[in-house]
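Notes follow the structure.
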Amino acid sequence: MRQSSHTATDGGTPARDRAPFLARLVGLAASLPVVLVPASAIYMMVWARWTFYERHPDYIQHSAPTVSRAITDPYIGDPFAAAILGVAVVIALAILPISYAFYGAISARAGHLPKVAAGLRRMMAVFLVMQVLGTSGMVICTQVTFRHDHDLHMLGSYLFFVFQALSILMSGIITTRLLRLPDTGRPSYLRLGSRYTRLRRTLAFATAGLAGIYVVLFLVKGLDLPVTEYTIYYIYTVQEIVTISAYIVQVMLYAPEVYRIARNLAASGTWRLEGAAAAA
């Protein structure tokens with residue numbers, strides 16, 4: 001009797017054919033939350049502002065509401081806090097493969113330059129600390145609103161806006177330095193891919209610029225300006241949403257890396273920074 005050329009089968013599907021499909025499913029399961037959950041935060045910000053306008057028409061007659069002001073209403077603040085907590089969880093889970101991707105890129109491009117590689121790894125450590133502080137601030141300022149503790153909420157807001165902007169700026173600086181180094185060809189499927197790296201670098205500096213504009217508006221909104229206070233405050237509150245949305249888009253743009261890393265991890269079963277290159 002002739003033996004089948006296929007290995008194990010399930011319902012007529014060769015196991016070797018199922019493996020890439022299952023690996024892609026793992027990649028999708030890991031990467032889709034990186035897009036969908038943070039994107040929900042952008043929707044929630046717009047919803048929070050719009051709902052506050054509807055529920056508090058008297059307030060908006062004299063001032064435009066910030067997100068911080070909008071979430072003081074429990075009807076708005078409670079679901080908003082739950083959504084942002086979900087975003088924080090996704091960021092915390094995604095930071096592991098993202099860190100591996102950065103360290104893999106450092107190994108691939110600067111592994112033969114010990115001093116350069118050491119400097120880039122130190123910058124990565126600073127990036128991770130800033131990211132943790134920024135994410136912690138995001139959680140604090142949404143879980144603790146003005147109706148709970150004004151000072152603690154403001155502390156969380158400062159941590160979020162400052163350190164999230166700095167972590168994104170640092171990622172752009174690290175990426176710029178990496179792109180200036182030649183690729184040594186070391187097999188490392190966990191490293192950053194080239195397709196989205198340049199886009200993220202450009203948007204990292206653009207996002208830092210948006211954060212800078214937000215800080216300027218924050219500082220001048222109480223000054224005597226040639227425009228009405230309501231106008232400058234309205235621009236300030238719109239810029240707040242634009243800046244936070246830019247922060248969130250930065251996270252979402254790592255979804256392709258998370259997909260590729262999770263897919264290749266499922267296919268190879270190893271987290272080694274330098275291992276057999278998987279199909280990209």
Side-chain angles (χ1 to χ4, degrees), residues 38-39 41-50 52-53 56 59-72 76-77 80 84 87-88 91 123 126-127 129-142 144-146 149-176 198-253:
I42 298 177
Y43 167 80
M44 290 299 292
M45 283 192 296
V46 176
W47 172 82
R49 283 281 302 275
W50 183 261
F52 190 87
Y53 271 82
H56 302 276
Y59 181 92
I60 65 173
Q61 295 301 318
H62 61 83
S63 182
T66 60
V67 174
S68 292
R69 179 61 58 188
I71 64 176
T72 55
I76 301 170
F80 189 88
I84 299 304
V87 174
I91 292 175
M123 293 175 70
V126 173
F127 161 76
V129 171
M130 289 177 173
Q131 183 61 59
V132 169
L133 289 172
T135 303
S136 299
M138 179 179 68
V139 173
I140 292 171
C141 71
T142 53
V144 181
T145 65
F146 287 152
D149 189 319
H150 181 278
D151 292 340
L152 185 56
H153 173 85
M154 292 306 299
L155 174 62
S157 294
Y158 293 146
L159 285 174
F160 170 56
F161 277 102
V162 173
F163 285 102
Q164 193 64 51
L166 290 176
S167 69
I168 291 171
L169 178 61
M170 181 63 76
S171 73
I173 294 172
I174 294 171
T175 302
T176 298
R198 294 181 185 278
L199 174 61
R200 281 195 302 266
R201 179 189 62 172
T202 300
L203 292 181
F205 293 116
T207 299
L210 289 173
I213 294 172
Y214 177 75
V215 170
V216 171
L217 291 171
F218 174 79
L219 294 174
V220 305
K221 68 182 189 305
L223 301 179
D224 186 14
L225 299 171
V227 296
T228 64
E229 183 179 357
Y230 186 93
T231 299
I232 192 66
Y233 218 90
Y234 183 82
I235 295 172
Y236 165 71
T237 57
V238 170
Q239 180 65 21
E240 176 188 38
I241 292 180
V242 171
T243 302
I244 297 174
S245 297
Y247 289 171
I248 293 169
V249 169
Q250 279 288 323
V251 176
M252 294 166 63
L253 285 174

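Keep in mind that what you see is a predicted model, and the values were worked out from it rather than measured.
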Side chains of [X] and [Y]: does their closest heavy-atom pair fall under 4.5 Å?
X    : Y    : answer
H153 : S68  : yes
M138 : I91  : yes
V242 : L210 : yes
R200 : S171 : no
V67  : F80  : yes

- Query: Angle class for the Y236/F218 ring planes (parallel below 30°, perpendicular above 60°, tilted otherwise)?
  - Reply: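 Geometry flag for F218 against Y236: tilted rings.
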
- Which residues pass the side-chain hydrogen bond (donor to acceptor under 3.5 Å, both in side chains) test with E240, sequence neighbours left out? none

Verify, without hydrogens or angle tests, whether [X] (side chain) and [Y] (backbone) share a donor-acceptor contact under 3.5 angstrom.
X    : Y    : answer
T135 : V132 : no
Y233 : H62  : no
R49  : P65  : yes

- For G137 and F160, work out which heavy atoms get closest and say how close. C-CB, 3.7 Å

- Please check if any side-chain donor atom of Y53 sits under 3.5 Å from a side-chain acceptor atom of Y59, or the reverse.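 Note: Y53 and Y59 side chains miss the donor-acceptor criterion.
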
